[in-house]
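Just so we're on the same page: letters track the sequence lines, and every chain starts at 1.
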There are 2 protein chains.
Amino acid sequence: MGNARRVRETGTLGKLMALLDLVALSDYPMRFTDILSLSDQPRGTLHRQLSHLVEEGLLEVDRDGRYFPGIRLLSLASRSWARNEFRAIAEPHLRLLQERTGETVHLGVLRGIEVIYLDKVEGRQSVRMYSQIGNASPAYCTGVGKAALSVLDDATIGASHAGLQFHAYTEHTHRGIADLLADIAAIRRRGYAFDREEHESGICCVAAPIRSDDGNMLAGVSVTGPAYRVTPEKLEEWAPLVRVAAASIMQDMHSRLGPKR
Amino acid sequence: MGNARRVRETGTLGKLMALLDLVALSDYPMRFTDILSLSDQPRGTLHRQLSHLVEEGLLEVDRDGRYFPGIRLLSLASRSWARNEFRAIAEPHLRLLQERTGETVHLGVLRGIEVIYLDKVEGRQSVRMYSQIGNASPAYCTGVGKAALSVLDDATIGASHAGLQFHAYTEHTHRGIADLLADIAAIRRRGYAFDREEHESGICCVAAPIRSDDGNMLAGVSVTGPAYRVTPEKLEEWAPLVRVAAASIMQDMHSRLGPKR
DNA sequence: AAATTTGGTTCCAAATAATGGAACTTTCAG
DNA sequence: CTGAAAGTTCCATTATTTGGAACCAAATTT
């Protein structure tokens, strides 16, 4: 109640970024009129806004007038990734965890009610990497997300998820805030989270939370794999390893970033 | 001489993006005053601009007041990558080329005088992928860049490189426009480009140009590896394979994108 | 082939947001 | 503790964005 209302509007930039989100996060390419029907801007305004985004390389238009996210985003993002200190600190611990378990290891940060995957370490499979990095998934149905949420109190979680429609990705996905909070209570007791096919059928994981010293950043590490290999027993067996990884990352952050101030 | 002057200013967005570039593309984190000395904005203005970028998640500030590119860029970019049709079309051909040569294969697009790497397919080494994707390198010292430039005429290349200071990455890097144009003339004759340790010591590659039907996009494929494995003979041996890959990609683009209009 | 609809672009007075100089507060160094 | 540097806020002025309507062009119907 009396919850998260935008304190300040970000003016021109905010409007343009909202538009960029609309176009870039859509699953299919949109033409001018499609965008017009989704944004509530007058035609003239929308047209100029799109032109500006295109001129800056944030969007691109093909010859059929369909808009796509532009490659300037890629080059900015590669800097964002390369310069991310947290990711750099975590990396060796992710590799170690990968070696110990043999399964895929993820590092994700909580951003509002979403998890953004910052890094991924895989075994020998030559599977595509970028497909996961930068990807945003709902916190309520991912191991990393629930682990990160478990650091917050129920009121905060409730407020941020107020009015959210929980999407049923699988039959195991939590259907609402009550389910989520019950799970999170268990996660707090255990110190680690499970995802048993809640986001994707046949995929399970164990995750542990990471919080920065200043408490401004919440994140998580996880070990993920196909259900036929990653049995409930395996998940329990790996839980301590995942917690150790999370603890080591926090400690390294503390010694590398903490003392400075 | 009377070269590329910005035709239109992009208003507020343009100024903010220039600032974002300044901070995100820098190699070290900058604090407020560092940025102030590089941008020619008054303090009040700069402060508000940075705040807006931070509020939108495009930049982040740590507790010591240093600015970093924000993770919102990552999630936008992951969509940009996932939705890039050109990349998707090229992918199987890159894999094939990788299998045939055993070395790392790159796909890059020309953007002005820079190459942005769109994809990378490696052999068994578990080396980091994202480190290359999204990365921007000068066209004049990369195989992909020179291959793409070779499609343009000398006047265009000269104009875009006018006044550019060629950075000597290695002792083999071209020192100026004359060197570059001479190399490019050879590339046009052969149909493929070499990079013999011009960008990074000990790294060589062969590359072939790709152009889209509408001529609006120039790109290139390359095979890259360490000089001790990738001998001049190997480069010559692989050149036809690289050209075949480029040709197949162009053909697939034509059949999948061309006919539509 | 003419008429009509749909999709996209341009214009400009009014509304809104950005600007920048100065005052103010905090942090840091000596 | 003091002074200087760094960072933040304020607000009248200035510049940009806004949005309705007119305009143009391509596709579709008659």
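Counting to the nearest Å, the C1' atom of dT14(D) and the CZ atom of R48(B) are 12 Å from each other. Following rounding to the nearest Å, M17(B) (CE) and dT16(D) (C1') show an atom-to-atom distance of 18 Å. If you take CG of L50(A) and C1' of dT10(C), they are 15 Å apart, rounded to a whole angstrom. Atom-to-atom, CG of L46(A) to P of dT17(D) comes out at 15 Å; the value is rounded to the nearest Å. Taking atom CG of L19(B) as the reference point, atom C1' of dT19(C) lies 15 Å away to the nearest angstrom. Rounded to whole Å, atom C1' of dT8(D) lies 15 Å from atom CD of Q49(B).
Under 3.5 Å, the side chains of H93(A) and D252(A) contain a donor-acceptor pair of N or O atoms.
Nearest to the side-chain atoms of Q41(A) among the listed nucleotides dT19(C), dG19(D), dA22(D) stands dG19(D).
Using a cutoff of 4.0 Å between basic side-chain nitrogens and carboxylate oxygens, D153(A) and R188(A) are not scored as salt-bridged.
The side chain of H47(B) places no N or O atom within less than 4.0 Å of a non-bridging phosphate oxygen (OP1 or OP2) of dG7(D). Between dA18(C) and T45(B), no contact under 4.0 Å exists linking OP1 or OP2 to a side-chain N or O.
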Protein N or O to nucleotides 12-17 of chain C N or O, pairs below 3.5 Å:
from	atom 1	to	atom 2	distance (Å)
dA17(C)	O3'	T12(A)	OG1	3.3

Side chain to side chain contact (heavy atoms under 4.5 Å, CB included) between R72(A) and D21(B): does it pass, once the steps are laid out? CA-CA 10 Å; R72(A) 184 171 183 185; D21(B) 265 353; 2.6 Å; yes
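Of the two residues contacting DNA chain C, namely R43(A) and L13(A), the nearest-nucleotide position lying further toward the 5' end is that of R43(A).
For residues 21-37 of chain A, proximity to DNA chain D is found at no residue, defined as any non-hydrogen atom under 4.0 angstrom from a strand atom.
H161(B) pairs by the ring pair (Phe, Tyr, Trp, His ring centres under 6.0 Å) definition with nothing, not counting sequence neighbours.
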